[in-house]
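This report refers to the structure that appears directly beneath it.
Worth saying up front: this structure is predicted, and the values here are computed from it rather than measured.
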Amino acid sequence: MEWLAARVTTVFLTVSDEEARDARRLRISRRAVSVRNGRDPTVFRPDPAARARLRAELRVPEDRIIVAAVSRLVRHKGYPELAAAMRDVPDAELWVVGERLESDRGDDMLDLLRGAGLGERLRLLGYRTDVAAILAAADIFALPSHFEGLPMSVIEAMLTALPVVATDIRGPREQVVPEVTGLLVPPMTVGPLAAALRRLASDPAARAAMGAAGRARALERYDEAKVLCRTLDLLGVEDRSPRSSWLNSNGERPGSQADGSDQDRQQAPAASSAWPVARH
């Protein structure tokens with residue numbers, strides 16, 4: 001279907017660079033280009049007040065290391081490996097945010113997580129509307145998926161200045177720069193995942209440095225306003241939206257960190273999740 005659709009399109013967009021390369025290599029489309037995914041850095045950001053508030057609500061001391069995982073509760077998000085790995089990270093607590101959808105198939109990850117033997121070091125937070133605050137209250141983000149596209153959760157964690165531990169698979173491996181913004185481990189393995197989490201849990205300086213580098217990278221590559229601008233440019237669509245009032249000439253929000261300040265930012269309208277992928 002992709003090959004047939006590519007024959008009648010002038011613009012062929014993918015969310016990841018690797019997908020675009022594959023589309024060109026497989027001769028699906030010689031014009032394939034990635035636009036990436038994006039999130040709002042005024043929402044997902046380091047927030048000391050939210051961190052203190054949420055930890056107080058959950059009665060979590062400030063010095064406790066929190067590993068956060070945000071996703072649907074399905075096996076291919078790597079929960080069997082994450083639950084097993086956390087048994088070997090005794091100084092950290094795991095917060096799991098998400099739920100199982102009615103359409104999901106396979107084993108129930110709630111039962112697996114509850115049976116992992118983590119005791120009070122496991123918090124199943126379910127569906128939440130305050131994911132930005134939860135990430136701000138965490139110290140490490142983990143997504144040991146078996147396969148991905150270009151996960152939004154990694155972008156959100158990077159914008160929140162969290163070091164990311166993810167698997168070396170399509171998508172995360174172009175988001176995470178090993179030893180710079182986080183750590184990559186082989187998929188479906190427990191030992192390397194546990195080692196990566198232990199290393200970051202015991203090294204606050206590394207967490208801070210990787211988190212800061214991750215936010216800088218996300219501001220450059222995954223700011224939703226820049227992603228939307230790039231998409232519209234590739235589609236040849238003239239921008240007549242209110243977006244022009246909250247972006248400067250460099251395609252940045254005035255007052256954003258990329259523009260030299262993190263204060264007094266205006267919140268941008270959310271980008272559509274249904275962008276067109278082809279122009280006839």
Is any side-chain heavy atom of [X] less than 4.5 Å from a side-chain heavy atom of [Y]?
X: His146; Y: Thr167; answer: no
X: Leu82; Y: Leu197; answer: yes
X: Arg170; Y: Glu18; answer: yes
X: Pro192; Y: Pro186; answer: yes
X: Val33; Y: Phe12; answer: no
X: Met158; Y: Arg215; answer: no
X: Tyr222; Y: Val154; answer: no
X: Ser145; Y: Ile169; answer: yes

Measure across [X] and [Y] and return the closest heavy-atom pair with its distance rounded to 0.1 Å.
X: Ala194; Y: Val89; answer: O-CG2, 3.9 Å
X: Ala23; Y: Ala32; answer: CB-CB, 3.6 Å
X: Leu159; Y: Pro41; answer: CD2-CB, 3.8 Å
X: Ala161; Y: Ala212; answer: CB-N, 4.5 Å
X: Ala50; Y: Ala133; answer: CB-CB, 4.1 Å
X: Arg221; Y: Asp17; answer: NH2-OD2, 3.2 Å

For [X], what residues pass the side-chain hydrogen bond (donor to acceptor under 3.5 Å, both in side chains) criterion, not counting sequence neighbours?
X: Arg53; answer: none
X: Asp168; answer: none
X: Arg128; answer: Asp130
X: Ser29; answer: none

Exercise. Could you walk me through whether Leu125 and Val96 pass the side-chain contact (heavy atoms from CB on, under 4.5 Å) check?
Worked result: CA-CA 6 Å; Leu125 301 180; Val96 177; over 6 Å; no

For residues 176-185, which side-chain N or O atoms pair as donor and acceptor with protein atoms under 3.5 Å away, sequence neighbours left out?
residue: Glu179; atom: OE1; partner: Arg199; partner atom: NH1; Å: 3.3
residue: Glu179; atom: OE1; partner: Arg199; partner atom: NH2; Å: 2.6
residue: Glu179; atom: OE2; partner: Arg199; partner atom: NH1; Å: 3.0
residue: Thr181; atom: OG1; partner: Val177; partner atom: N; Å: 2.9

Nearest-0.5 Å distance, [atom1] of residue [X] to [atom2] of residue [Y]:
X: Leu112; Y: Tyr79; atom1: CG; atom2: OH; result: 11.0 Å
X: Asp40; Y: Arg45; atom1: CG; atom2: CZ; result: 10.0 Å
X: Asp104; Y: Glu99; atom1: CG; atom2: CD; result: 9.5 Å
X: Leu162; Y: Ile140; atom1: CG; atom2: CD1; result: 9.0 Å
X: Glu19; Y: Arg36; atom1: CD; atom2: CZ; result: 12.5 Å

Exercise. Please, which pairs that meet salt bridge (Lys or Arg N to Asp or Glu O under 4.0 Å) have at least one residue in residues 182-198, sequence neighbours excluded?
Worked result: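 The answer is none; no pair qualifies.
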
Problem set entry | Inter- and intrachain pairs under salt bridge (Lys or Arg N to Asp or Glu O under 4.0 Å), touching residues 136-156, at least two apart |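 Only Arg39-Glu156, Arg51-Asp139, Arg55-Asp139, Lys77-Glu148 qualify under salt bridge (Lys or Arg N to Asp or Glu O under 4.0 Å).
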
Exercise. Taking the hydrophobic residues Ile, Leu, Val, Met, Phe, Trp and Tyr, and joining any pair whose side-chain heavy atoms are under 4.5 Å apart, which ones share a cluster with Val74?
Worked result: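 Members besides Val74: none; it forms no cluster.
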
Of all pairs that satisfy side chain to side chain donor-acceptor pair (under 3.5 Å), the ones with a partner from [range], not counting sequence neighbours:
range: residues 107-121; value: Arg75-Asp107
range: residues 202-213; value: none
range: residues 84-97; value: Arg64-Glu93, Glu93-Trp95, Glu93-Arg123

Should [X] and [Y] be counted in the same cluster of Ile, Leu, Val, Met, Phe, Trp and Tyr side chains packed under 4.5 Å apart?
X: Leu94; Y: Ile66; answer: no
X: Leu124; Y: Ile134; answer: no
X: Leu118; Y: Leu193; answer: yes
X: Met109; Y: Leu122; answer: yes
X: Leu143; Y: Leu200; answer: no

Problem set entry | Full working for side-chain contact (heavy atoms from CB on, under 4.5 Å) between Val227 and Asp223 | CA-CA 6 Å; Val227 171; Asp223 181 326; over 6 Å; no

For this session: Not counting sequence neighbours, which residues clear salt bridge (Lys or Arg N to Asp or Glu O under 4.0 Å) with Arg25? List them please.
Result: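 Arg25 satisfies salt bridge (Lys or Arg N to Asp or Glu O under 4.0 Å) with Asp22 once adjacent residues are dropped.
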
Problem set entry | Full working for side-chain contact (heavy atoms from CB on, under 4.5 Å) between Val70 and Phe141 | CA-CA 8 Å; Val70 181; Phe141 183 78; 3.9 Å; yes

Problem set entry | From CA spacing to verdict: side-chain contact (heavy atoms from CB on, under 4.5 Å), Val164, Gln175 | CA-CA 9 Å; Val164 175; Gln175 294 173 305; over 6 Å; no

